[in-house]
Amino acid sequence: MRYKQGRNIKKKLILILPSISHPVIRLVIRFFFKTPGTFPLFVLPALTPRDYTIKIYNQKLFWLKGDFTDDALVGISCATSNSPEAYRIADRFRKAGSAVVMGGLHVSYFPDEALKHCDSVVIGEAESVWPEVVRDYENKTLKKIYKGVPLEDYFSPAYDYYLNIDPKILYRTGILLSRGCKYRCEFCVPPFGKLRFVKLEQAIVLLKKIGEHVRRPFGLKPVILFRDDNIFSDPAYAKELFRRLIPLNLKWVGNSSIDIAFDDEALMLAAASGCLKLFIGFETIYPQRLQKTSVGNMRSTKDYLEAIRKIKSHRIKVIGAFILGFDYYTHKDYLRLIAFLMRAGLDLVSLTILTPFPGSRIYEQFKKEGRITTFDWSKYDSLQHVVFKPKNMSALSLQLWFIVIRVLGLFVSPYFLIALGQSLVAFLFFYYLAHHLVNMF
Ligand code: SF4
């Protein structure tokens with residue numbers, strides 16, 4: 001059903017980031033982490049007329065009947081793994097009578113699929129077309145498709161809005177200073193447009209505000225989470241950012257490509273600017289097969305070991321991410337991966353299962369080869385399901401390797417005990433809750 005054409009349009013905007021995980025897992029996540037949304041989610045409110053009332057729902061735990069109002073413009077951001085949940089929410093709002101617009105990578109690749117559940121789809125980055133979407137909503141002339149063009153300076157139009165957001169909210173959302181990526185990994189969905197950055201002056205003003213307003217217990221310094229795919233995408237930008245961060249006296253963590261390990265100046269500046277941890281996508285024990293590391297000095301795991309040693313010599317912790325399921329991996333290679341993890345000295349290991357996300361090169365390749373085993377997007381979680389036929393083993397074997405290496409990976413990490421402690425606290429909390437609920441009825 002289309003939104004109620006006859007009604008008076010209410011200036012009400014609801015923005016939704018649907019959840020990916022099961023409600024119980026969400027509850028556990030919510031117990032430990034509270035995020036009001038992601039940094040980019042605030043771009044749309046920034047571009048929405050000021051007389052709108054705006055609500056943002058980030059991974060809302062439970063939806064009640066009363067949440068599905070009949071009088072709003074509803075914007076839903078949709079990735080592949082949360083698309084089933086996104087479509088469910090879209091259906092409910094649409095049924096109630098609200099106008100539903102969907103955006104995000106998944107619907108940009110499958111607009112027809114999304115249009116079964118919503119009134120309009122924004123393909124690509126929304127900034128360039130959002131004012132038009134709002135205008136059309138008010139005029140009751142929403143189009144089915146809006147094609148966004150990546151803007152060179154996508155952040156300046158929203159900058160004032162970000163300046164006026166409570167810095168504590170920005171602190172919790174994490175900061176994103178760039179869009180796009182200079183690499184084209186076969187398993188990754190390429191971001192829209194070329195690599196672009198927030199102006200450093202703007203970034204520093206926001207970061208300074210956070211430093212001035214966020215207070216942590218025991219006088220600890222705020223730890224900024226840079227959400228960029230790669231904080232070291234542009235070494236010159238990164239170094240200048242680090243230099244300007246030094247006087248702010250903050251701490252930070254972020255993702256980086258491994259080439260930072262071979263730039264002594266960058267490492268020195270990163271450490272001086274408060275870098276605590278770098279999350280590095282090693283992905284495979286055969287770095288020469290990765291386009292993104294071939295630019296550096298990575299030829300074997302020996303180079304990885306050297307890179308990790310160099311980063312850690314600056315007292316920066318290294319979280320190493322690996323993907324399981326590449327076509328060239330045999331059982332022996334998983335044993336090699338375990339052997340590598342045991343001596344790598346990583347502070348934490350993050351593992352995912354190779355997933356052919358729509359838009360990635362492996363999606364096209366596996367689809368052509370007839371190797372995708374399900375198009376149930378809820379299974380595209382990269383953690384619990386194998387959604388393609390691996391080349392050298394069964395899907396079950398791959399899943400078993402994932403479990404084994406995940407468990408072993410915990411033992412190479414000094415954070416293991418912390419994680420174990422946290423899980424125990426969560427378990428006791430839910431046990432206590434369940435116990436009381438059972439006794440109540
Ligand atoms: S470096 Fe990261 S963000 Fe860039 S293409 Fe590879 S996986 Fe994607």
Side-chain angles (χ1 to χ4, degrees), residues 20 38-40 77-82 104-106 108-109 124-125 150 154 174-198 225-238 241 253-263 266 270 277-299 303-304 307-308 311 318-329 337 346 348-366 380-383 387-388 402:
I20 298 168
T38 57
F39 191 74
S77 171
C78 181
T80 299
S81 48
N82 68 6
L105 279 172
H106 185 79
S108 293
Y109 286 104
E125 291 182 3
Y154 60 92
I175 302 287
L176 184 70
L177 298 182
S178 60
R179 280 202 188 159
C181 180
K182 62 181 174 182
Y183 300 117
R184 284 285 172 269
C185 299
E186 53 177 357
F187 46 83
C188 184
V189 184
F192 307 115
K194 60 181 174 74
L195 184 59
R196 290 150 293 153
F197 295 88
V198 170
L225 168 63
F226 286 117
R227 289 187 176 271
D228 304 75
D229 287 329
N230 180 5
I231 196 79
F232 199 60
S233 284
D234 177 344
Y237 181 94
L241 169 70
V253 296
N255 304 308
S256 172
S257 51
I258 197 157
D259 39 342
I260 194 171
F262 299 96
D263 189 324
K277 268 181 239 169
L278 288 176
F279 182 101
I280 293 186
F282 293 91
E283 326 298 8
T284 169
I285 46 168
Y286 299 108
Q288 66 278 20
R289 288 185 175 262
L290 270 187
Q291 186 259 326
K292 70 171 171 172
T293 45
S294 61
V295 290
N297 308 330
M298 300 291 119
R299 274 172 206 94
D303 298 321
Y304 277 172
I308 296 166
I311 298 172
V318 182
I319 302 174
F322 290 85
I323 298 174
L324 270 60
F326 290 116
D327 276 354
Y328 49 84
Y329 268 34
L337 173 59
L346 292 165
L348 199 64
V349 176
S350 160
L351 292 181
T352 45
I353 298 172
L354 186 70
T355 305
F357 287 108
S360 65
R361 277 189 281 144
I362 54 161
Y363 175 80
E364 294 308 327
Q365 182 200 328
F366 289 180
Y380 283 55
D381 52 27
S382 304
L383 293 173
V387 296
F388 69 101
F402 179 73

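Throughout, residue positions are numbered sequentially from 1 according to the sequence presented. The figures that follow rest on heavy atoms only: side chains count, while hydrogens, waters and symmetry mates do not. Indexing begins at 1, ligand by ligand and atom by atom, following the structure's order.
In this structure, N255 and D229 approach most closely via the heavy-atom pair CB-O, 3.3 Å.
Applying the 4.0 Å criterion to heavy atoms of F187 picks out, from ligand 1, the atoms 7 (S).
Take a cut-off of 2.8 Å around atom 4 (Fe) of ligand 1: the protein N, O or S atoms inside it are C181 SG.
In this structure, the separation between CG on L241 and CZ on F232 is 11.5 Å, given to the nearest 0.5 Å.
Applying the ring pair (Phe, Tyr, Trp, His ring centres under 6.0 Å) criterion to F366, with sequence neighbours excluded, gives F388. Take D263 and apply the salt bridge (Lys or Arg N to Asp or Glu O under 4.0 Å) test, not counting sequence neighbours, and it matches K239.
Applying the salt bridge (charged side-chain N to carboxylate O under 4.0 Å, His left out) rule to pairs touching residues 175-195 yields E125-R179, E127-R179, E152-K194, sequence neighbours excluded.
Under 3.5 Å, the side chains of Y237 and S178 contain no donor-acceptor pair of N or O atoms.
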